[in-house]
Each structure stands twice: as structure tokens, then as C-alpha cells.
Amino acid sequence: MRNKPNRRDFIKLAGLLPIGLVGPRILQKLGRRASVQSDKQNVLVIVFDAWSANHISTYGYERETTPNLSRLAENAVVYHSHYASGNFTTPGTASLLTGTLPWTHRAFNANGTVVEPFTTQNIFGAFQNHYRIAYTHNPWANTLLEQFKNVIDESVPWFSLFLRSFNDDLIHETFKNDDDIASVSWARNVNVSDDGYSYSLFFSHLYQVLVERSVAAYRKLFPRGIPSIASAHNSFVLDEAVDWTAKRLTEISQPFLGYFHYLPPHDPYRTSIDFFDRFKNDGFEPLDKPEDAFTKKIPKANLSKLRTEYDEYLLYVDEQYGRLFEQLNASGVLENTWVVLTSDHGEMFERGIDGHTTDTLYEPVIHVPLMIFEPGKSERVDIHTPTSAIDLLPTLLHVTGQGVPDWVEGKILEPYAGNNPDPNRGVYSMRSNKNGKYSPLTRASISLTKGRYKLHYYFGYEDKNIPEILKLFDLEADPEELVDLSTSQVSITAELLKEIKAKLTDANESYLHE
Ligand SMILES: [Zn+2]
């Protein structure tokens, strides 16, 4: 099914701006030639930011948001109850990368950082015999990658896959102490000779023209605006990031560990022209849910509109993942590469709350996709046991024949663990973005999912006039979290709360005297 056959061609045409060239050229010295026939096991982790499993049709969402994923899932291990360890980028990403919970790595504040041992005790440090390459569009995820740079062989600059990376202001801002050198290397790394320009032209003028021309062309392809970071003018095109990734992975040495963390479907939700208005007036009625104590008072009509725009953006993400997979398959990279597809947290449009800037931990903000594509595997396996982002690191080490270090808090995932799942295993998610990094947790939201039950425990929100909250849901009978059982299932509530409090006591111990 090809929607608008000209869009790819148009993007190529629009690409007068040599986006994507800065990264590889700056880093060319690091690249060694690939041997695609290698029997070495590569690992590629693909993260799409703020991608809620509750909006993915492969997992049962009513709107068909992921036709490509559904097709590809036929050859994957599909995890149905997978949880991010936090509800926004920093804790979600740090847990995924360190295999530890937020109260252990301590990156739980906005744009926060991990505590010292985890600058090397992380997925990059653990895969020390692999060629480690990492990229993210997301500045907060990039803060973490910066922290880990001593154990990453190729840190692709975050701005290198942005259209405005060619903007003078950004270059100057990025290299505050190094203006001249930055400008020179920036200019040297642009290849415009095919278009009849030469290096003798006045660069800043030329770039300005190219930027404007290119952005104008892209604008037609993205009716809601070119995808960008919410708070900045920097825009980017996911197609380009995908193409760059697929190409770069054929050039680097093997075995490699790749971590690519793209911003879509993070807001602002700006789908491509192919999917624009696809779900408009489709008759879909989201379930009506009561306003939460943490409501942001977003009217239902606005939530519904945002949901539709988000769902349309998911179609674009799904298309691009399909393209990436196709390119990796065509180049032979998939022959010996484990591919992991996941997200750092979800997104929500219910109970008066939009997005993921919320102190709540309802399913849509923490329930994320996880699929593992094993090289050469052509059957689908479905796993319904609750699993956690912290399980990825030990699992990937295990499947590539490496030991799991003792600082890892996650477990090797089914079906690779070789034993039956532990029925008593609890999966935690937490948010505590207004708590000191080195202080005991006194203001936090924590959820514990165990078997079919999930307990929400919120405390320390007196400043919002919200007393301590406990809510228990039976996710099997009530996946939409509508019927609070905390007062009817008293013993289950007490048991789960006891477990959370014991964890908290442990987690707080090292910080009591700070
Ligand atoms: Zn995020």
C-alpha cells in the first residue's frame, strides 16, 4: 500500500541540505570497515520517544496505528506487559541503559544525571568488546549519553541529524568556547559541489539559503509543521535519521552495539502528509474516564484532538521503523544483529491529563512496546508476564554470550532465561522529579505491577493539596484502570505496599545522611 508515491522522491529533492553528512564525516576517522558476513552478534536498540503501547494496534489498540509493526511482529518476541521505569525521558532512558531502577541510578529529575558508578556501569560499559555507537534527537537523553561518552566509541552529535544544525546561531551556541574551530569544521564537512557550489563561496550566506530553501520544501510534507523539539526551533526529518542510521551501520566494525533514540512520536505531534487527517472523524470514541486528582484540566475535546494527532504521528513512526528494518535487511546487517524496539515512556490523553508531564503512573504513560528481533528467527512468540526496561541490559548480554554484572537489577527475559518466569517478580515504575538527587525519596509516585495486580502509591504531594494516594487495579479484568480495588482487596494492597516500602527503605538508606 503506497500512499503518496512521490514523498520519498520529494524528500530526496528537498534534501539540498546535506543533512546527515556532518555526523559521519566528523567521525570518519573512527569508522572501520564492516564485515557483514561476520558471525559476531551485533545488538541494535531502537527507541522511539514517548511511544505508548496502549496506542499500538499490534497490542490491541482499536485504531490501526502500526500496520508495519504487526507484519514484522510475526518474526519477533512480542512483550505485551512491558514497563518503562519512569514516565519521562530521563529516568526511563537511564533505567533502560543502566539496567537499574531510578532510585538506584538517581537520574530522576528533569534533565538529570546518573550517580558516578553508572557512568561506566551501563550498557555501553558492559559491551566493551563491541563497537559502541549512540545517537539521540532528545537533548535530555543526550545528557545521559554525554555522561557515558567514555564508554561509547562513536557519539553522534545530537544536532547532526537536525535541519538547523547548519544554523550559525546553533553552531555558536553549541561550541560557546570554540567558535572558530567549530565554524571551520562545520564548513569543511558540507559537500555541496554536486549542486555547483564550491568551498570558495561565502559559507554562512550559502547555508542560510540552503536552510531556508530546504525547510520550505519540507514544510509541504509536514502539514502540522516539520517535526521538532517542543521548546526549540530545531526541526528534523525522521526519514533522514533512519537513512543515516541504516547506512552507518554498514560502515562500522562488527560486532557493534547501536543505540538510536529518535524523538517521534514525542510532542509536538507532526505526522507526514501521508498520514495527515487519517483518523479524523473515524468514529473512534476513547473510553470516558473520570478526572484524576492530578488533573491538568484539559477539556475532553482537546484530549481527543491531541490523541488523534498523536495516533496519526504513530503511523509515521511505524512507517519509518518499517523502512529502517527493510534497509537493514537489504544490506545484510540483520543476518547477525539482535534488534530491540522499545520506548523510554508512554503518553496519555485521559483523566484531564495530556502528554507525559504528570505525576500519575497510569498504563498509557508507563506501558511501552518491546519487541526483540532475533537474527534468523521466523516465528512469533508472545510474552504476557510483566517485564521491565531494566531487563534489557541483562538479556542482551546473555543472548550475546556475555555474563551479567552483579550491579544489574533487571532479569534475563523470557524466553531466553531458560527457566519459568518468577510469579513473585514485581515490576516498578517511578516518578520523583522534585526530589533531591542525593536526598531520601519523600515526594514520589511509585507503581508496582505483580502478576495481574498493579498498585499506585503517591506520597509527598502536600504542596498540591493531594494527600497520600493508594490505588489497586486488576489489570487482567480491568486494563483501563477504572475500578480501584484498594479498599476491597485490602490484603493484596497491604502486601504490595509493604513491598514498595521495603524497597524505599533500602533505596533511601544510602542517602539518609546527605
Ligand atoms: Zn522521552
Side-chain angles (χ1 to χ4, degrees), residues 45-56 82-98 100-102 105-114 122-123 134-148 156 158-159 161-162 227-232 234-236 238 241 259-271 296 306-307 309-311 313-314 316-318 320-321 340-349 353-370 388-390 392 429-433 445 447:
V45 179
I46 300 294
V47 171
F48 287 100
D49 205 293
W51 196 10
S52 173
N54 284 38
H55 287 251
I56 291 178
H82 188 65
Y83 290 93
S85 304
N87 72 354
F88 68 102
T89 298
T90 298
T93 304
S95 284
L96 193 162
L97 293 175
T98 64
T100 65
L101 289 164
H105 61 63
R106 313 300 288 188
F108 47 67
N109 293 124
N111 202 15
T113 50
V114 298
N122 55 52
I123 194 168
Y135 176 74
T136 182
H137 285 121
N138 183 322
W140 287 7
N142 195 60
T143 297
L144 296 167
L145 295 182
E146 271 286 310
Q147 259 203 304
F148 305 158
V156 184
W158 71 269
F159 55 83
L161 295 176
F162 277 80
S228 73
I229 298 176
S231 56
N234 302 328
S235 47
F236 63 90
L238 184 55
Y259 180 77
F260 291 85
H261 181 149
Y262 308 115
L263 200 60
H266 192 288
D267 75 295
Y269 315 127
R270 294 176 170 175
T271 198
K296 290 155 77 178
L306 286 167
R307 172 190 285 268
E309 291 180 2
Y310 176 73
D311 290 347
Y313 206 19
L314 296 190
Y316 178 50
V317 166
D318 174 71
Q320 294 304 311
Y321 182 68
V340 174
L341 178 65
T342 191
S343 186
D344 55 344
H345 55 83
E347 197 80 331
M348 70 189 279
F349 307 92
I353 301 166
D354 67 332
H356 56 273
T357 309
T358 171
D359 291 315
T360 70
L361 296 172
Y362 287 106
E363 289 291 279
V365 269
I366 56 169
H367 180 210
V368 292
L370 174 63
S388 168
I390 63 174
L392 269 182
S429 299
M430 72 93 104
R431 175 185 181 90
S432 185
N433 73 327
S445 307
S447 71

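For ligands, and for the atoms within them, numbers begin at 1 and follow the listed sequence. Residue indices begin at 1 and follow the sequence shown.
Side-chain atoms of Asn142 and Thr136 form no donor-acceptor pair, as typed in the model, at a separation below 3.5 Å. With no hydrogens or angles considered, a side-chain donor-acceptor pair links Glu347 and Tyr269 at under 3.5 Å.
Seen from the Zn ion (ligand 1), atom NE2 on His345 and atom OD2 on Asp49 lie at an angle near 150° (rounded to 10 degrees).
Using the six-membered ring where Trp is involved, Tyr259 and His261 have ring planes that are perpendicular, over 60° apart on the 30 and 60° scheme.
If you look at Asp344 and ask which of its N, O or S atoms sits nearest the Zn ion (ligand 1), the answer is OD2.
Here Ser343 fails the criterion, with no N, O or S atom under 2.8 Å of the Zn ion (ligand 1).
Residues that satisfy the salt bridge (Lys or Arg N to Asp or Glu O under 4.0 Å) test with Arg431, not counting sequence neighbours, are Asp359.
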